[in-house]
Amino acid sequence: MDKQQAQEKVIELSELLNNYNYEYHVLDNPSVPDAEYDQKMQELRELEEEFPEFITTESPTQRIGGEPLEGFKKVQHNVPMLSLGNAFNAEDLRDFERRAAGVTDAKLSFVCELKIDGLAVSLTYEDGKFIRGATRGDGTTGEDITSNLRTIKSIPLTIAEKNTMEVRGEAFMPHKSFLALNKSRDENEEEPFANPRNAAAGSLRQLDPRIAAKRNLDIFLYGVGEWEAGSLASHSERLDYLKKLGLKTNPEWKKCETIEEVIEYVTYWEAERPKLGYEIDGIVIKVDNLDQQEELGFTAKSPRWAIAYKFPAEEVVTILHDIELSVGRTGVITPTAILEPVKVAGTTVKRASLHNEDLIRAKDIKLGDTVVIKKAGDIIPEVVRVVEEKRTGSEKAFHMPESCPACGSELVRLEEEVALRCINPNCPAQLKEGLIHFVSRNAMNIDGLGEKVIIQLFQEKLIHTIADIYRLQRDDLLKLDRMGEKSVHNLLQAIETSKSNSLEKLLFGLGLRFVGSKAAKTLAVHFETMESLKHATYEDLISIDEIGEKMADSVAMYFSEVEVTDLLAELNELGVNMDYKGPKKQEIAQNTIFSGKTVVLTGKMDSFSRSEAKSAIEQLGGSVTNSVSKKTDFLIAGDEAGSKLDKAKQLGIIIWNEEQLREVLEK
Ligand code: IVH
């Protein structure tokens, strides 16, 4: 291909891909299968690699570019980004209308929009190109977060408006992304985000855009700031125009002719908001006509032509009966409030995590208190505060124990941690949690060893450590409740099968701090055997791309313990495999559709066996797991696929049939 042909091809592919991207992320209506998108993207990447002179900032390959920033630059908002006055009930809305009607003679009509609970941002397009994105900041000065905003796929990198145009909207994290993010933070022992808004803001204020890129943020645009050529007459026309330019607007907006119609809209969405896949905290009402907006003008802080109706936070009052303590797999003691069951935001809440002792002190929570409960981000139950007026004097102060509720050994507070920990490696509660983790699906996947059986095995003193699982005998198991010949046979079979698992499953199952299933895979691919991982130094570990300081520290520490050496020797002797069995590092293709993705296989396939499909996907850099969760990227469904398929549909996971998988593998 000569240079000119290459350049033409680069332009053609960029336009095509940007359009596919628009169909997928803005219209929610893709016209081609993902595989085709990925294949074209790969083609463009290869061309750009050969002819780097043709790479433009608008190329779809350039959403994540460059090195992490040193800090954020300041951005001046020439048209200030204001906030809104609030309304809390129908009367406030009628007042708003009366005030506006007193200023302008002509009839008022309104546009109602959902008030998205995220982070207000401004996007500037110059000559049709996205050149800058900023936070609201204090309204006049924000921060330049262009590189992070470029990673949001629903933000077009080019638009068909040549005049400089600044558009404004709300970047947010959909519920699905929020739940997946917190789940993985939990697995990696990182503090979860309290709600989607914090998660969105936290993601956009990262200096390394690769982090924001992984967070699956989205955006809705609802306004215009600076614009050289604004000749539209109303806000509703503006929304239509933004949409026409390919900018993502929220489809639920409505033009209302009277304030009573506005009140109806507000009431409707107050009830329907749990059905949206993202958080809203109210409704924004704007006078539609732009001349009238100008006439109405501004107060010091906010426009007179718009108001925010705030939904009351769904708070309910209940009694805190008790505080229960649990010992986690890593020995952390977590207090949980046991509540008189109450309905909040659609579900019954009986328990709420109190996180740690500091929080109990800060909120002055006592046993027997009447407390206010809400769901943070409408998802996670939380004790907001104590209703002090309801105290009778019979409430009891709560003190964290000095010793572990499970084993009685002294609890410690590690440096820089708020949590109390039991550091007894033989604590039965930790061992039990550790065992539950060891047998779980993405670890050793031993079916039939559920929590109830594990508890019994402990009580019967049949197991003390992980290694004891491999010493269980048929007769021992038959003694347990509800364990017949058949289930014992199946369980022993599952235990036997687990011995031949590849290294990463064992590694994840051992439950090293900070080592989630992805990290376990990285370590297994890199070191190939337990033996060589065991001898890896901190420096060896940290030199691996995906391994950070905390993890390197934890891995090196873990293998320096004698107990660990003994446990591994025992497992080895009992026949547990310690080698990595997947494709070797040099055999794993880079930048494929499956790179870094989690895939679940289900149903019957004609052209290949389950294990052939698995190893092919692994060679393309994917991991194959057993259960469908929010973390699953693809479900490959063969014939007669059942509940996994249903679950994947519910979660909106990409579903392929055998044919689609074969096409990709053949390529
Ligand atoms: S209009 C002057 N529309 O709510 C007009 N704001 O207090 C200002 N927000 O900072 C904004 N959804 O972050 C507008 N559909 C919507 C909105 C919205 C969310 C946020 C925005 C703003 C705050 C207003």
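Just follow the structure's listing: the first ligand is 1, and inside any ligand the first atom is 1.
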State whether Lys254 and Glu113 are salt-bridged, where the test is any N-O pair (Lys NZ or Arg NE/NH1/NH2 against Asp/Glu carboxylate O) under 4.0 Å. no
Hey, what polar pairs (N/O, under 3.5 Å) does ligand 1 make with protein?
from     : atom 1 : to     : atom 2 : distance (Å)
ligand 1 : 3 (N)  : Lys286 : NZ     : 3.1
ligand 1 : 4 (O)  : Lys115 : NZ     : 3.3
ligand 1 : 7 (O)  : Leu84  : N      : 3.2
ligand 1 : 12 (N) : Ile116 : N      : 3.1
ligand 1 : 13 (O) : Glu170 : OE1    : 2.6
ligand 1 : 13 (O) : Glu170 : OE2    : 3.3
ligand 1 : 15 (N) : Glu113 : OE1    : 2.7
ligand 1 : 15 (N) : Leu114 : O      : 3.2

Sequence neighbours excluded, which residues qualify as salt bridge (charged side-chain N to carboxylate O under 4.0 Å, His left out) partners of Asp646? none
One should read off an interatomic distance between Ile131 CD1 and Thr164 OG1, to the nearest 0.5 angstrom, of 7.0 Å
Let me have the donor-acceptor pairs involving side chains of residues 117-128, under 3.5 Å, with sequence neighbours excluded, atom names and distances please.
from   : atom 1 : to     : atom 2 : distance (Å)
Asp117 : OD1    : Arg197 : NE     : 2.9
Ser122 : OG     : Glu166 : OE2    : 2.9
Tyr125 : OH     : Pro156 : O      : 2.6

Contacts table for residues 105-112: side-chain donor-acceptor under 3.5 angstrom, sequence neighbours left out:
from   : atom 1 : to     : atom 2 : distance (Å)
Lys107 : NZ     : Glu257 : O      : 3.2
Lys107 : NZ     : Glu257 : OE1    : 3.0

To the nearest 0.5 Å, how far apart are OG1 in Thr318 and CD1 in Ile373? 6.5 Å
